[in-house]
Engineer: 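Please read through the structure below; I'll follow up with questions.
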Amino acid sequence: MSLPDRFDSASEPQLYERWVEADCFKADAARSTRTGGDRDPFTIVIPPPNVTAILHLGHALDNVTQDVLIRWARMRGQETLWMPGTDHAGIATQNVVEKIIAGEGKTRFDVGRDAFVKRTEAFVEETGGTILKQLRAIGASADWSRTAYTFSPELSRAVREAFARLYEKGLIYRGHRVIHWCPRCHTSLSDEEAEFQEEDGALYHIRYRLSALGSQTRAESLVVATTRPETMLGDVAVAVNPKDPRYAALVGTTVVLPILDLEIPIIADDYADPAFGTGVVKITPAHDANDFEVGKRHALPMPVVIDADGNMNAGATTEYTRVPDFVRGKSAVAARDLIKRRLKEIGALEKTESKRHSVRHCYRCDTVVEPRLSDQWFVKMAPLAKPALDGLRAGAMRILPQRWEAVYINWLEGIRDWNISRQLWWGHRIPVWYCKDCDPPYDVHVSRTDLTKCPHCAGPVRQDEDVLDTWFSSWLWPLSTLGWPDDTRDMKAFYPTDVLVSGPDIIFFWVARMVMAGYFFTGRSPYHTVLLHGIARDGQGRKMSKSLGNGVDPMEVVRLFGADAMRWTLVSGMGLGADITLDPDDLKKTFATGRNFVTKLWNIARFLLEKAGTAPVKRVADIPAAKLQRVDEWILWRLDVAIAECDAALGPLHPVTPLSTTDQKQWKPDERLSGMRLNDLAETARRFVWNELADWYLEAIKGRLAAGGEDAEVARAVLVHAFDGALRLLHPIVPFVTEAVWQQLPSHSAGTFLATAPWPAANPTSRTKRADEFELIREVVSALRQIRAEYAVPPGSNIDAIAVGGDGVFREEAGMVERLSRSSLKVASAAPTGAAAHAVLAGGVSLVVPLAGLVDIDKECARLTGELASVEKQLQGLEGRLSNEKFTSKAPPDVVAGERAKLAEWTTRRQQLRDKVQTLCGG
RNA sequence: GGGCGAAUAGCUCAGUUGGUUAGAGCGCCUGCCUUACACGCAGGAAGUCGGGGGUUCGAGUCCCUCUUCGCCCACCA
């Protein structure tokens with residue numbers, strides 16, 4: 001039996017198919033302990049990618065992280081569900097289709113609503129879901145039989161139910177106020193969707209002439225500062241602070257709005273900050289959220305001067321008189337220049353100064369958003385935020401890295417109502433019908449089913465034209481994908497879910513809102529752990545993005561090196577929550593780590609199959625301890641160390657301490673920060689399989705395997721066991737190569753998969769005296785190799801080395817030393833020689849290598865002396881601490897005991913070093 | 001205006017509650033095509049842990065401060 005030279009990554013899809021055919025990824029609600037089954041559930045819902053998206057590195061990073069956790073949980077014997085699906089992505093998808101239509105010289109309005117929606121459906125049908133296929137290619141072990149879609153009939157039902165319940169509880173209302181409006185997308189946006197960007201702008205100081213000429217002693221004009229002079233056409237007042245003595249006398253009088261020559265009042269309002277500029281602020285209620293509030297307080301008119309396209313016009317229902325001909329129809333940006341020029345001409349422009357300020361942009365198309373007065377549906381958020389805050393504080397949920405908890409808390413504490421109306425066509429139509437014939441309060445009807453006539457007067461009804469914010473369906477995702485609002489088996493078996501993996505950029509959009517929805521609709525947090533990872537950056541540290549074209553294409557990486565190589569590189573290179581930098585210009589170098597590692601695993605398997613064969617092996621547990629060699633005990637011990645460290649890296653699957661306030665569990669403070677360190681898992685497993693199993697164990701048993709007989713059987717059994725254990729630890733990260741190799745092991749039984757094989761358990765007692773002895777042997781061998789390399793002892797010639805240790809402890813291992821160094825190293829005699837000796841000492845066994853003529857004694861002495869000094873220093877510290885009353889009385893007893901033990905250990909070490917220095921340096 | 005993060009070997013990054021001589025991968029140097037692997041093996045060089053101050057027996061780790069870069073939040077007229 002032999003394998004090809006390299007793992008063929010082109011075989012990954014076939015492996016994937018076999019998992020799917022064997023239903024390895026399918027979750028069974030009946031097996032969940034919550035429905036009377038015998039396995040604890042473990043659930044992750046995927047952050048649904050946009051249905052038309054194609055896989056980029058950010059997705060890869062996010063989904064590989066989830067897959068590692070999912071595969072780990074599955075091996076831990078959990079009833080594991082990874083819920084896959086896509087998001088209809090209202091605004092994003094609509095934009096894509098609009099762009100296509102634009103290529104035909106048309107707008108969506110030319111096409112018409114019904115035809116446009118049909119067209120978008122067809123587009124999604126045709127191009128959608130590509131990303132799900134790509135997720136398979138990177139090994140994502142999701143339960144595809146449950147694939148969900150936010151716009152499916154089932155999930156749409158959940159959306160309506162959620163809307164109706166919130167409305168019935170008074171948490172959804174229609175609001176008339178200034179919202180963020182994207183003139184390009186032609187829709188309103190939530191606060192979160194209108195992102196700030198720093199820009200260079202200007203602050204224009206405009207002089208408003210006082211019309212109250214009665215008070216002759218005052219200056220006859222006021223100066224207001226604005227970054228948006230074009231909005232002055234919509235000014236209805238200027239405001240000063242009521243406490244500002246400079247203007248107290250002017251309150252109640254009027255100023256003349258330049259250009260329009262309209263008289264507008266001077267009002268007093270706390271909103272005006274005396275310390276800012278001149279302390280006078282112009283009030284444009286229709287085009288500024290703050291001004292709108294002021295306008296409401298003072299019952300001011302709210303003339304609209306900028307239309308839905310962002311041009312200088314009023315809405316159809318408003319008078320045009322405020323927009324003069326010279327700017328009418330011009331864009332706001334163009335109007336700014338024209339207004340500026342006109343103000344200058346009439347001497348009303350006092351001055352212009354440059355100013356850096358933040359301007360809101362549409363998060364989907366980057367257009368500058370326009371504050372706009374309109375009617376929208378809002379969700380009242382404060383009542384929803386409360387339980388989400390309490391839940392985090394009670395430990396029902398944790399966020400890793402923990403620093404994001406402050407961000408989450410800060411946002412929820414200052415939460416504002418959520419505008420959920422979008423003036424789009426692609427999305428869930430708002431389930432509200434209006435009846436013209438009824439009098440209020442019967443004019444608005446929220447319904448779970450489509451209405452064709454008014455439930456009160458049976459007259460004709462008209463459905464709200466708007467659709468819901470995409471995130472209004474997303475925030476229900478952990479519920480809706482499991483069948484909510486019905487009390488389904490999946491809901492019972494898998495809700496609440498366990499971990500949510502995402503990027504910190506959507507904490508507000510999605511993560512926190514899902515928690516709010518979870519508490520509101522079910523009384524429970526939808527998950528107990530939020531794991532936030534970093535973002536992918538290019539070689540220059542720039543965020544990878546489509547627009548910059550600086551991204552690494554994961555599918556290209558898969559094609560070149562295989563999914564495992566990519567997964568390994570990502571997982572091992574990513575600290576908890578840290579960004580990862582990958583150079584898109586040198587994929588070979590960037591992914592060398594993963595590619596090399598996969599090949600190494602493959603080659604260990606080749607060795608095993610060629611040298612140890614495929615004949616059945618004994619279970620290690622059935623081998624009498626006396627038959628084990630030192631190195632066997634050593635590698636078994638090292639395996640247990642690796643398992644324990646991997647377990648520590650991943651932490652607990654879920655919290656176990658009951659939380660009295662709900663039926664959920666809570667994280668205890670000490671476990672709250674533990675686990676989820678996937679890079680530690682990778683590093684620990686790599687060290688074991690490469691630096692211990694391959695570098696030492698494999699080399700050590702070559703002779704034994706070749707010799708055959710009973711001892712060869714022992715070595716075979718231990719080798720298979722140790723490698724099997726390593727493959728289990730590694731499988732969550734590199735599922736393909738480990739599965740391929742694992743199925744070739746002599747211990748494999750037909751029809752079983754590593755994907756569903758049990759996670760190994762560490763035996764805490766496997767460290768033996770003989771295992772420790774092998775540690776010493778490693779040290780000795782390393783020392784000899786060092787000498788050989790440093791002094792260029794030719795491979796063919798001998799080093800006269802002497803083993804000391806009384807009972808010939810090293811005799812059998814000496815042969816191994818010879819093999820390991822691949823030279824003719826000989827153990828010559830059993831007595832130490834001369835003062836010129838380099839000693840490796842430990843545990844009462846020592847080996848002395850005479851170095852006459854080889855070692856630079858001075859150099860070695862300097863090294864030893866330095867080491868001694870540092871040991872002395874450490875001892876001094878320990879002694880100081882232990883003689884400190886405060887420490888010994890206040891520190892926990894086990895800590896003190898630990899320090900005492902350390903002191904003893906270090907004292908011994910100091911003595912050994914002193915002896916060495918004495919011997920070697922003669923003083 | 002407020003807050004957060006980053007700065008550790010040539011490069012990309014680990015470094016959990018302070019504690020042995022600060023680690024890994026890639027790159028580099030030396031020697032090896034040794035029958036699993038040159039995508040490899042053995043050995044090696046390379047770090048004032050951003051600067052300064054402080055706490056401590058002991059600081060990459062804790063405190064203060066400064067510098068540079070990045071991110072988030074805010075009614076930045």
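All heavy atoms count here, side chains included; hydrogens, waters and symmetry mates do not.
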Engineer: Sequence neighbours excluded and cut-off under 3.5 Å, please list the side-chain donor-acceptor pairs for residues 232-241 of chain A, or say none.
Structural biologist:
residue  : atom : partner  : partner atom : Å
A/Asp235 : OD1  : A/Lys282 : NZ           : 2.9
A/Asp235 : OD1  : A/Thr284 : OG1          : 2.7
A/Asp235 : OD2  : A/Tyr208 : OH           : 2.5
A/Asn241 : OD1  : A/Lys243 : N            : 2.8
A/Asn241 : ND2  : A/Ala272 : O            : 2.8

Engineer: Among residues two or more places apart or on two chains, list those pairs meeting salt bridge (charged side-chain N to carboxylate O under 4.0 Å, His left out) that have a residue in residues 350-360 of chain A.
Structural biologist: A/Glu198-A/Arg356, A/Asp200-A/Arg356, A/Arg207-A/Glu350
Engineer: As a test of reading the structure: which of B/rC37, B/rC72, B/rC41 is closest to the side chain of A/Phe508, going by heavy atoms?
Structural biologist: B/rC72
Engineer: List the residues meeting ring pair (Phe, Tyr, Trp, His ring centres under 6.0 Å) with A/Trp690, not counting sequence neighbours, and say none if there are none.
Structural biologist: none
Engineer: For nucleotides 28-30 of chain B, tabulate all protein N/O to nucleotide N/O atom pairs closer than 3.5 Å, reporting atom names and distance.
Structural biologist:
none

Engineer: Could you tell me whether A/Asp670 and A/Lys668 make a salt bridge, using a distance below 4.0 angstrom between a side-chain N and a carboxylate O?
Structural biologist: no
Engineer: Applying ring-ring contact (aromatic ring centres under 6.0 Å, His included) between A/Phe7 and each of A/Trp602, A/Phe736, A/Trp568, report the one that passes.
Structural biologist: A/Trp602
Engineer: Expected output is a numbered-order residue list: members of residues 270-282 of chain A with a heavy atom under 4.0 Å from any atom of RNA chain B. What is it?
Structural biologist: A/Tyr271, A/Ala272, A/Asp273, A/Phe276, A/Gly279, A/Val280, A/Val281
Engineer: State which of B/rA14, B/rG70, B/rC39 makes the closest approach to the side chain of A/Arg537.
Structural biologist: B/rG70
Engineer: Could you list, one pair per line, each protein nitrogen or oxygen that sits under 3.5 Å from a nitrogen or oxygen of nucleotides 5-10 of chain B, together with the distance?
Structural biologist:
none

Engineer: How would RNA chain B look in dot-bracket form, 5' to 3', counting Watson-Crick and G-U wobble pairs with both distances under 3.5 Å and writing | for bases paired to another strand?
Structural biologist: (((((((..((((.....[...)))).(((((.......))))).....(((((..]....))))))))))))....
Engineer: Excluding sequence neighbours, so at least two apart, what forms side chain to side chain contact (heavy atoms under 4.5 Å, CB included) with A/Thr599?
Structural biologist: A/Arg6, A/Asn603
Engineer: Using the test side chain to side chain contact (heavy atoms under 4.5 Å, CB included), find all partners of A/Glu293 that sit at least two apart in sequence or belong to another chain.
Structural biologist: A/Lys296, A/Arg297
Engineer: Can you check whether A/Ala332's main-chain N or O pairs, donor with acceptor, with A/Arg228's side chain at less than 3.5 Å?
Structural biologist: no
Engineer: Could you tell me which residues satisfy ring pair (Phe, Tyr, Trp, His ring centres under 6.0 Å) with A/Trp404, sequence neighbours excluded, listed by chain and number?
Structural biologist: none
Engineer: In whole Å, what separates the P atom of B/rA45 from that of B/rG23?
Structural biologist: 13 Å
Engineer: Provide the full list of salt bridge (charged side-chain N to carboxylate O under 4.0 Å, His left out) pairs with a residue in residues 566-587 of chain A, sequence neighbours left out, each pair given once.
Structural biologist: A/Asp67-A/Arg567, A/Arg537-A/Asp579
Engineer: Select from A/Asn410 and A/Ala406 the residue whose nearest nucleotide in RNA chain B is closer to the 5' end of that strand.
Structural biologist: A/Ala406
Engineer: Which pairs pass salt bridge (charged side-chain N to carboxylate O under 4.0 Å, His left out) with one or both residues in residues 671-694 of chain A, sequence neighbours excluded?
Structural biologist: A/Glu405-A/Arg672, A/Arg638-A/Glu692, A/Glu645-A/Arg687, A/Glu683-A/Arg686, A/Arg687-A/Glu692
